[in-house]
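Notes follow the structure.
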Amino acid sequence: MSSQFPEARPRRLRRNASLRSLFQETEFSLNDLVLPIFVEEEIDDFVPIKSMPGVMRIPESRLAGEIERYARAGIKSVMTFGVSHHLDSSGSDTWRDNGLVSRMARIAKDAVPEMILMSDTCFCEYTDHGHCGVVHNHEVDNDQTLVNLGKQAVAAARAGADVIAPSAAMDGQVRAIRRALDEAGFSQVAIMAYSTKFASALYGPFREAGGSALKGDRKSYQMNPMNRREAVRESLMDEQEGADALMVKPAGAYLDIIRDIREASRLPLSAYQVSGEYAMIKFGAQAGAIDEDRVVRESLGAIKRAGADLIFTYFAMDLALAGI
Ligand code: PBG
Ligand code: ZN
């Protein structure tokens, strides 16, 4: 054989499907996926979310049945977002023992005790101005919001939430929540920090999903998408404050950040494939431009390959129904 032919031939391991799957480096399963859901109070029917084809707001009265359906399909964990009809300037419904945050956790855990319930911990769906905290002198007041985050986390834990997931992007929120939980006797309840959360245009459809009242933006508290060093710093700060797991959000356009944090920390790392990422795939497929199933699998596989252990995705139920 003359030396003009290659000695190394990677194609040898790609010749058929069996070889390819034997040598595949990255895989995901239902054990890695968390399904985010939207639950609205005081409505009777499911409400389709136009900017997220296939996703509905769930009436609170139907939540138990939905959780049972997810469990039957093999979903292991959900993240709850409430669509509230009780807005005020601070989002005080979130820390009432009979408020929507507490009721969602209680209903879901009563329906399927082994379903891991992650409680999104923020205020933007419960405030009349739509910001993620208390507004004072035209700014979101960090430290007043910390006090309220602690109250909400304790209420959610009391209602049975397994994991508190603070998404308000306030400085010190993990420490404040850890202290509040421990003082209330919930030292066993974990914190999944939205530790590196960018002020992303990809949250657009979520605002419709949650019926957000926000005018303006969240750039004074969420991160500048152009900052890589700061992204690592934010997650390491949350680790120091006592986070049990970290998160990068959004996911697909931030694979470099996922890899950086994977290498900088030994904590479990999650990534959130957000509403805009979902919408781009759905509408692209509806237009006939891409194959939805293949793009979903490629996008989630890439997020895992980048270093995420867990992925929050609105496609989780589709995958579960497909048998993964
Ligand atoms: C609010 C929150 C947002 C998302 C999760 N929690 C929106 C925002 O920060 O503006 C986005 C989720 C998505 O787009 O899928 N704290
Ligand atoms: Zn918020």
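Hydrogens, waters and symmetry mates play no part in the numbers below; they use all other heavy atoms, side chains included. Just so you know, ligand 1 is whichever comes first in the structure, and atom 1 is the first atom listed for that ligand.
Here is the list of ligand 1 atoms found below 4.0 Å of a heavy atom in Tyr314: 12 (C), 13 (C), 15 (O). Below 4.0 Å from some heavy atom of Arg218 lie the following atoms of ligand 1, by number and element: 8 (C), 9 (O), 10 (O). In the vicinity of Cys124, heavy-atom distances shorter than 4.0 Å reach the ligand 1 atoms 1 (C), 16 (N). Distances below 4.0 Å separate heavy atoms of Lys249 from the following atoms of ligand 1: 2 (C), 3 (C), 4 (C), 5 (C), 6 (N), 11 (C), 12 (C). Remark: ligand 1 atoms within the under-4.0 Å shell around heavy atoms of Cys122 are 16 (N).
Between Tyr278 and Tyr314, the angle of the ring planes goes over 60°, which puts this pair in the perpendicular group of the 30/60° scheme.
Between Arg259 and Asp256 there is no salt bridge, since no side-chain nitrogen of the basic residue lies less than 4.0 Å from a carboxylate oxygen of the acidic one. With respect to Asp260 and Arg229, no salt bridge is recorded, no charged nitrogen being found less than 4.0 Å from a carboxylate O. Using a 4.0 Å cut-off between charged side-chain N and carboxylate O, Arg69 and Glu66 make a salt bridge. Ion pairing between a basic and an acidic side chain is recognised when a charged N comes within 4.0 Å of a carboxylate O; Arg106 and Asp110 show no such pairing.
The shortest separation from a heavy atom of Gln273 to ligand 1 is not under 4.0 Å, leaving the residue out of contact. Within the 4.0 Å heavy-atom shell around ligand 1 one finds Phe81. Within the 4.0 Å heavy-atom shell around ligand 1 one finds Arg207.
Checking Glu230 against Asn227 by side-chain atom types alone, a donor-acceptor pair falls below 3.5 Å.
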Evaluate side chain to side chain donor-acceptor pair (under 3.5 Å) for Glu277 paired with Ser299, printing each intermediate quantity in order.
CA-CA 9 Å; Glu277 299 178 78; Ser299 67; over 6 Å; no
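Looking only at heavy atoms of the protein, atom 9 (O) of ligand 1 is closest to Gln222 NE2, 2.7 Å. When hydrogens are left out, the protein atom nearest atom 12 (C) of ligand 1 is Phe206 CD1, 3.2 Å; that is the closest non-hydrogen contact. If you check which protein heavy atom lies closest to atom 16 (N) of ligand 1, you get Ser167 OG, 3.0 Å. What sits closest to atom 2 (C) of ligand 1 on the protein, heavy atoms only, is Lys197 NZ, 3.4 Å. Summary of contacts: the protein heavy atom closest to atom 14 (O) of ligand 1 is Ser275 OG, 2.7 Å.
Relative to the six-membered ring of Tyr272, Lys197 misses at least one condition, a distance below 6.0 Å or an angle of at most 45° to the axis.
Rounding to 10 degrees, one finds that the Zn ion (ligand 2) sits at the corner of an angle of 120° between Cys122 SG and Cys124 SG.
When all heavy atoms are compared, the tightest approach of Val134 to Ser90 is CG2-CB, 4.3 Å.
Between the side chain of Asp162 and the main chain of Leu117, a donor-acceptor pair closer than 3.5 Å is present.
The Zn ion (ligand 2) has no N, O or S atom of His131 inside 2.8 Å of it.
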